[in-house]
Amino acid sequence: MSQADPGAAELSASDYSQLGPLADYLRLAAPGIRVTRSASRPGPGEQGAADVLMIAADSTVLAAAVQALPHFLRSRRKGMTVTITARGKKLTVTAGNADEI
């Protein structure tokens, strides 16, 4: 990862059982990406938090990972979503809007 061009994002999935397969898929689809599983922060009024994937890579590899998400979602059950949070902005990807990515 380049020191001058670091990128990081947080990924959450509507189906938490798919975080492991998603992490494996991202590692294969975007070599050079670092993927770790971490507990997210609970929101206001929430007692617990679900796991999320933290990804880190240079911007080129990060873009490749985001572009790989539609392929992953198409291979899963209908209705699954992945939400990407980076630089304070959120993007939700579903199999239905995957072609827009």
Minimum heavy-atom distance A65-I33, with the two atoms named
CB-CD1, 3.6 Å
Which residues pass the side chain to side chain donor-acceptor pair (under 3.5 Å) test with T83, not counting sequence neighbours?
T92
Qualifying salt bridge (Lys or Arg N to Asp or Glu O under 4.0 Å) pairs, either residue in residues 12-23, two or more places apart:
D15-R77
Interatomic spacing from OG in S12 to CD1 in I84 - rounded to 0.5 Å
9.0 Å
Restricting to non-hydrogen atoms, name the atom on L11 and the atom on L19 that form the minimum distance, rounded to 0.1 Å.
O-CD2, 4.4 Å
Which heavy atom in A9 sits nearest to a heavy atom in L62, and how many Å separate them?
CB-CD1, 4.4 Å
Distance-only criterion, 3.5 Å: show the donor-acceptor pairs between side-chain atoms of residues 21-30 and protein atoms not counting sequence neighbours.
from : atom 1 : to  : atom 2 : distance (Å)
D24  : OD1    : R27 : NH1    : 3.3
R27  : NH2    : V35 : O      : 2.8

Separation of S17 OG from R76 CZ (nearest 0.5 Å):
9.0 Å
Those residues that, when tested against S14, pass side-chain contact (heavy atoms from CB on, under 4.5 Å) (two or more places apart)
M80, T81
Can you measure from CG (L53) to CZ (R34) and round to the nearest 0.5 angstrom?
14.0 Å
Which is it for V52 and T85 under the side chain to side chain contact (heavy atoms under 4.5 Å, CB included) test, yes or no, and what are the steps along the way?
CA-CA 10 Å; V52 295; T85 305; over 6 Å; no
Side-chain heavy atoms under 4.5 angstrom apart, residues restricted to Ile, Leu, Val, Met, Phe, Trp, Tyr: same cluster for M54 and Y16?
no
